[in-house]
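Encoded as structure tokens, the structure appears first; notes follow it.
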Amino acid sequence: MFLAARREVEAAVEGALDALDLPTDDLGIEEPPEDVDAVLASSVAFRLAGEVGAAPPEVAADIAAEIDPADYDYVGDVTTQGPYLNFLPSDAYFAATLEAAQDDEYGRLDPKGASVAVEHTSANPTGPVHVGRARNPIIGDALANVLDFAGYDVDRHYYVNDAGRQMAVFTWAYETFDEAELPEPERDRAEYDMVRYYRRGNTFLDEAPESEVEAAEAEIQSIMQGLEAGDEATYERVSEVVDTVLGGMQECLARLPAEFDEFVKETRFMRNGATDDLVERLQDLDEAVYEEDAWQLELDDHGIDKNLVFLRSDGTSLYATRDLAHHEWKFENYDRAVTVLGEDHKLQAQQVRTTLDLLGHDTDPLDQVLYSYVNLPEGKMSTREGTGIDLDDLLDEAIDRAREEVEDRLEDRLRNDDLDEDDVERIAHQVGIGAVRYDIVSKQPAKAITFEWDRALDFEAQSAPYVQYVHARACGILGEAREAGHEVPEVADFDADALDTPEARRLLATIARFPAVIEDAADDHHPHVVATYTREFAEAFNAFYRECPVLDADTETRDARLALVAAARHTVGNALRVLGVAAPESM
RNA sequence: GGGCGUGUGGCCUAGUGGACAGGGCGAGAGGUUCCUAACCUCUCGAUCCCGGGUUCGAAUCCCGGCACGCCCGCCA
């Protein structure tokens, strides 16, 4: 209802300004501070004071006088508070919100009729996913959820770098070294098993005698050339390594959970001729130069100092070349494309955008979302070096700590609902993994994070369990009500007017904003605003919970409050779902 | 050296032109015969990195610094 109310307020202010013969280019619509009862406000009087030749409060009063609330469904009253115009919600605003939120899909926006490919994670299949990269699947998955909920037709893509030098090194190492000379794997899963070859191979290339390194390099070169030439046998050899490692990584990511609709391999764009075709078109560009036997693009005139090499002197393509072909494919198949990238890829992101533009594409549908790396207090994480914390270890630790927490709380638990061992395990998973996700998704991606165990796994504070608890409490009330024979009434059988306490009103007003939060998050690609919202929501719900008993209220109030709790449950449940955090029915 | 980004109480964080900068951690004091105390209430704590500027109004925009992060490969 908030979105509808905002449209009404915009129309009201614009109409009033028109009537007063004032400019309508900036309506100054904003959300008032929490202690103001209005749902929306306008500060337009400040700007018009000079033009009108009157003090802002007078201007505000004049504008307010031009607006008749009776013309609008959701505007109950227009008041002024000094220079501000305040728009108070009508009873119909609350009634319509309560009714709309009975839908368990409440917050989902109308289908936009547009497809979007969300590419995220896309980590090279070289070994276990570590925490340094963990922001990518968590932000990416939440962003995909947000866009889905906002009405887009979303496909989740993992772009697989299966054609680069790294994979050639990996394939050579896998075929060369004997398992007997490798250390025990850290975990019994494919990528932990395989990464040992990769690390061994890199160590060899760094440390072995020159002649042996040369021989190895020759083999690595032949693998790369084979891929470039479309040689089926080479492709099979590399694929075995890639698919094995990727299979393990998928298992890790699924724990978050982050799952994908498609794994798009870059070799696909070599094998189908798209890369060759692209290279020809790049060579025809005015910016193309042939220097030191390599084809490059001079992008100085477009604000990028560094040349983009797109064809090596040995005739092979580079990651960047294939990624351009990949983006053209996205443009052909989707209305929009979102890519979640680490900030270390920022320059490449600019190059991709600029080059696509030079090739004649409209790059407006491409959105590149950048996030800063997660570092350890002692420095960077690296798969090749084997430094860093594996995401699996973080999740295991999170679950272990959550389990301890659940068991500690079991003893002085007020509610006697007899949680069994399965419940404890379920809650430990929901809370532990939820806490990790929430901690990461709730922060602005641009800010750098230094990983610290205690901070990442704090179950109090502004954390997942704080919000999950609200969901569990709402479910608790609904469950108790059902046992007492009180189902949530049908829409025709409750009356929002019975929600007359400030806490109930505030909760309902908070529920009303949810669709607008989804819209903002989707428009700005900012999933973290959903997390911010869940915290505000939790505060509103807890105040209601404290002040407004549901089961003991008189029938009319009870029915309205039951409907409100159901609405709250749908809202917070869907907000958590969008964030990718489990919504426990009990905890 | 150049480019990009970030800088908010002791620590973490929301807020990117408008109503006294909102939370959390921490410290201290309270609250459970009542739908889950992973909760709530109150108190303490801020030169919004620094200096200029624009504006009726700046944490927010502009200019100049400083600090930190990232990037500047015929790697990905």
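All values derive from a computational prediction rather than experimental measurement. By convention in this document, chain letters (A, B, ...) are assigned in the order of the sequence lines, proteins followed by strands, and residues within each chain are numbered from 1.
- Of the residues near RNA chain B, A:Cys548 and A:Lys447, the one whose nearest nucleotide (by heavy atom distance) lies more toward the 5' end is A:Lys447.
- Heavy-atom distances to RNA chain B give each of A:Asn86 and A:Gln348 a nearest nucleotide, and the one nearer the 5′ end belongs to A:Asn86.
- A straight line from CG of A:Asp305 to C1' of B:rG2 spans 7 Å, rounded to a whole angstrom.
- No hydrogens or angles were tested; on distance alone, a donor-acceptor pair under 3.5 Å links the side chain of A:Asp35 to the base of B:rC20.
- With respect to A:Glu519 and A:Arg6, a salt bridge is recorded, a charged nitrogen being found less than 4.0 Å from a carboxylate O.
- B:rC20 makes up no base pair with any nucleotide shown, lacking Watson-Crick or G-U wobble contacts both under 3.5 Å.
- Side-chain nitrogen and oxygen atoms of A:Asn542 include at least one within less than 4.0 Å of the OP1 or OP2 phosphate oxygen of B:rC40.
- With a cut-off of 3.5 Å on both pairing distances, B:rU54 has no Watson-Crick or G-U wobble partner at all.
- Taking a cutoff of 4.0 Å between a charged side-chain nitrogen and a carboxylate oxygen, A:Glu503 and A:Arg546 do not qualify as a salt bridge.
- Side-chain N/O atoms of A:Glu343 and base N/O atoms of B:rG5 include no donor-acceptor pair closer than 3.5 Å.
- Taking the six-membered ring where tryptophan is involved, the planes of A:Phe46 and A:Tyr84 are perpendicular, since the angle between them exceeds 60° and thus also 30°.
- Across all strands shown, B:rA67 forms a Watson-Crick or G-U wobble pair, both distances under 3.5 Å, with B:rU6.
- Using the Watson-Crick or G-U wobble rule with both distances under 3.5 Å, B:rA29 pairs with B:rU41.
- Looking only at distances, no side-chain donor or acceptor of A:Arg322 sits under 3.5 Å from a matching main-chain atom of A:Met270.
- Applying the Watson-Crick and G-U wobble criteria (two distances, each under 3.5 Å), B:rA76 pairs with nothing in any strand.
- Look at the C1' atom in both B:rA21 and B:rU47: the space between them is 14 Å, to the nearest Å.
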